[in-house]
Amino acid sequence: GTRLASASYDKTVKVWDSITGQEMLTLKGHTQAVHSVSFSPDGTKLASGSRDTTVKLWDAATGQETLTLKGHADRVNSVSFSRDGTKLASASDDQIVKVWDVATGQQLLTLQGHAAAVLSVSFSPDGTKLASGSWDKTVKVWDAATGQELLKIKGHTSTVTSVSFSPDGKRLATGSVDKTVKVWDVATGRELLTLKGHMAYVYSVSFSPDGTRLASVNGDNTVKLWDAATGQEIHTLKGHSRPVTSVAFSPDGTKLASASRDTMVKVWDAATDQETLTLK
């Protein structure tokens, strides 16, 4: 859990040491901006999604490109590994979510049902479900084995930018252009919480590994931490000078990484909320 990956408009993916801030790898191969990047659960692979419509898989130790997954008709906005690392989901402006076999690069499923670009996709912790958020203002939950749509969740009044399952898989957090974060019951689609406090679009939301907190980032240059049970705001982390577009907890929950449009990645101590690193 000592490495961080960041995606960039300069067509590269960078891997950093999250303790020293040293740049370890630069992955080159995409022909256009990279919109999303994700480590496999075991840390051996990286996946990236790009405006060039492809998903690439990389060896996280060497930076070697291992596979290019082609099938989307428009830019890829989000990539997510299953917990066991065997599958990868991708979401695209082409309104489609795809599921791929990580070993072979074979396309396993094409999920159709959104009426606009899909901005975010995530596997449930047990790998049985997928959640996706779209420009069509809805969240969908799918059966990850069959591709069947299980739930269509309506409640946001604008684009859904981000989806994140709780560690037990029972709740789903979503971020939206409507400036709210919402938490839903995955079984029923019932709205459990609405978190208000951001002054601008919410770009990204993430549950902490223990499920007790939520982190969200938005266009007002801040990162907010919330109590996931009550929806109470705990902290606001300030330090970015531009809109913050993504956020993630380290696997052990002790650190938080945030990336912003000023091409900066910041690492924060999740207990003290102190900024520990700035990666440029």
Side-chain angles (χ1 to χ4, degrees), residues 4 6-9 33-38 49 51 75-78 80 91 93 114 116-122 131-139 153-165 171-184 191-208 213-228 230-249 255-268 270 273-275 277-280:
L4 268 173
S6 60
S8 170
Y9 281 98
V34 183
H35 291 283
S36 175
V37 63
S38 180
R51 189 183 283 266
R75 77 174 180 188
V76 180
N77 295 311
S78 177
S80 170
D93 270 9
H114 279 296
V118 191
L119 296 188
S120 180
V121 65
S122 184
S132 57
S134 167
W135 273 100
D136 67 12
K137 306 178 190 173
T138 72
V139 177
I153 300 173
K154 291 179 176 173
H156 281 295
T157 58
S158 192
T159 301
V160 181
T161 55
S162 181
V163 292
S164 174
F165 279 96
R171 290 170 297 160
L172 185 70
T174 57
S176 171
V177 169
D178 67 15
K179 304 180 188 173
T180 69
V181 173
K182 288 182 186 283
V183 180
W184 314 85
E191 188 178 312
L192 303 174
L193 291 173
T194 297
L195 315 183
K196 292 179 181 165
H198 280 300
M199 307 307 286
Y201 300 172
V202 178
Y203 289 114
S204 180
V205 62
S206 181
F207 267 99
S208 63
R213 287 176 303 164
L214 273 164
S216 62
V217 300
N218 74 348
D220 67 11
N221 309 350
T222 66
V223 180
K224 286 186 188 288
L225 284 169
W226 313 79
D227 183 307
T230 64
Q232 200 73 36
E233 187 180 317
I234 305 169
H235 291 296
T236 297
L237 311 182
K238 295 176 180 167
H240 282 292
S241 59
R242 296 285 306 278
V244 189
T245 51
S246 69
V247 66
F249 282 91
K255 293 191 182 76
L256 194 67
S258 57
S260 80
R261 291 229 176 113
D262 54 18
T263 67
M264 248 179 231
V265 177
K266 288 184 185 287
V267 181
W268 313 80
D273 305 318
Q274 292 300 304
E275 187 181 315
L277 268 185
T278 298
L279 313 180
K280 291 180 190 172

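Residues take their numbers from the sequence shown, with the count starting at 1.
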Novice: Looking at Tyr201, I'd like to know if its OH atom is crowded, meaning that more than 12 non-hydrogen atoms belonging to other residues, nucleotides or ligands lie closer than 6.0 Å.
Specialist: no

Novice: Between Asp93 and Asn77, is there a side-chain heavy-atom distance shorter than 4.5 Å?
Specialist: yes

Novice: Consider only side-chain N and O atoms of His240 and Thr222, and report whether a donor and an acceptor are under 3.5 Å apart.
Specialist: no

Novice: Rounded to the nearest 0.5 Å, what separates atom CG in Leu237 from atom CH2 in Trp268?
Specialist: 5.0 Å

Novice: Rounded to the nearest 0.5 Å, what separates atom CG in Leu193 from atom CH2 in Trp184?
Specialist: 11.0 Å

Novice: To the nearest 0.5 Å, how far apart are CG in Asp227 and OG in Ser208?
Specialist: 9.5 Å

Novice: Hey, are Lys224 and Thr236 close enough side-chain-wise for a donor-acceptor pair under 3.5 Å?
Specialist: yes

Novice: Can you confirm whether Thr159 sits close enough to Lys137 that some side-chain heavy atom of one is under 4.5 Å from a side-chain heavy atom of the other?
Specialist: no

Novice: With a 4.5 Å heavy-atom cut-off, do Arg75 and His35 have their side chains touching?
Specialist: yes

Novice: Please find the pair of heavy atoms, one from Ala248 and one from Ser206, that lie closest to each other, and give the distance.
Specialist: CA-OG, 4.1 Å

Novice: If you round to the nearest 0.5 Å, how far is NE2 of His198 from OG of Ser176?
Specialist: 11.5 Å

Novice: Please examine the side chains of Trp226 and His235, heavy atoms only from C-beta on, and report whether any two atoms are closer than 4.5 Å.
Specialist: no

Novice: For the residue pair Arg213 and Phe207, establish whether any side-chain heavy-atom pair is separated by less than 4.5 Å.
Specialist: no

Novice: What's the verdict on side-chain contact (heavy atoms from CB on, under 4.5 Å) for Val160 and Ser134, showing C-alpha distance, side-chain angles and the deciding distance?
Specialist: CA-CA 5 Å; Val160 181; Ser134 167; 5.9 Å; no

Novice: Going by the side chain to side chain contact (heavy atoms under 4.5 Å, CB included) test, name the single residue among Thr161, Val163, Val181, Thr180 that passes it with Thr174.
Specialist: Val163

Novice: Arg171 side chain to Ser164 main-chain N or O, any donor-acceptor pair under 3.5 Å?
Specialist: no

Novice: Could you tell me whether the side chain of Ser120 and the main chain of Gly133 form a donor-acceptor pair under 3.5 Å?
Specialist: no

Novice: With a 4.5 Å limit on heavy-atom distance, are the side chains of His156 and Lys182 in contact?
Specialist: yes

Novice: So does Thr157 get a backbone contact from the side chain of Asp178, meaning a donor-acceptor N/O pair under 3.5 Å?
Specialist: yes

Novice: With no hydrogens and no angle check, is any side-chain donor or acceptor of Asn218 less than 3.5 Å from a backbone partner on Pro243?
Specialist: no

Novice: Take Val183 and Leu214, measure what side-chain contact (heavy atoms from CB on, under 4.5 Å) needs, and give me the verdict at the end.
Specialist: CA-CA 10 Å; Val183 180; Leu214 273 164; 3.7 Å; yes

Novice: Going from OG on Ser162 to CG on Leu119, what distance comes out if it is rounded to the nearest 0.5 angstrom?
Specialist: 9.5 Å

Novice: Could you tell me if the side chain of Ser246 sits less than 4.5 Å from the side chain of Tyr203, heavy atoms only?
Specialist: no

Novice: How many angstroms lie between atom NZ of Lys266 and atom OG1 of Thr278, to the nearest 0.5 angstrom?
Specialist: 3.0 Å

Novice: Do Leu256 and Leu225 have side chains that approach each other closer than 4.5 Å (heavy atoms only, starting at C-beta)?
Specialist: yes

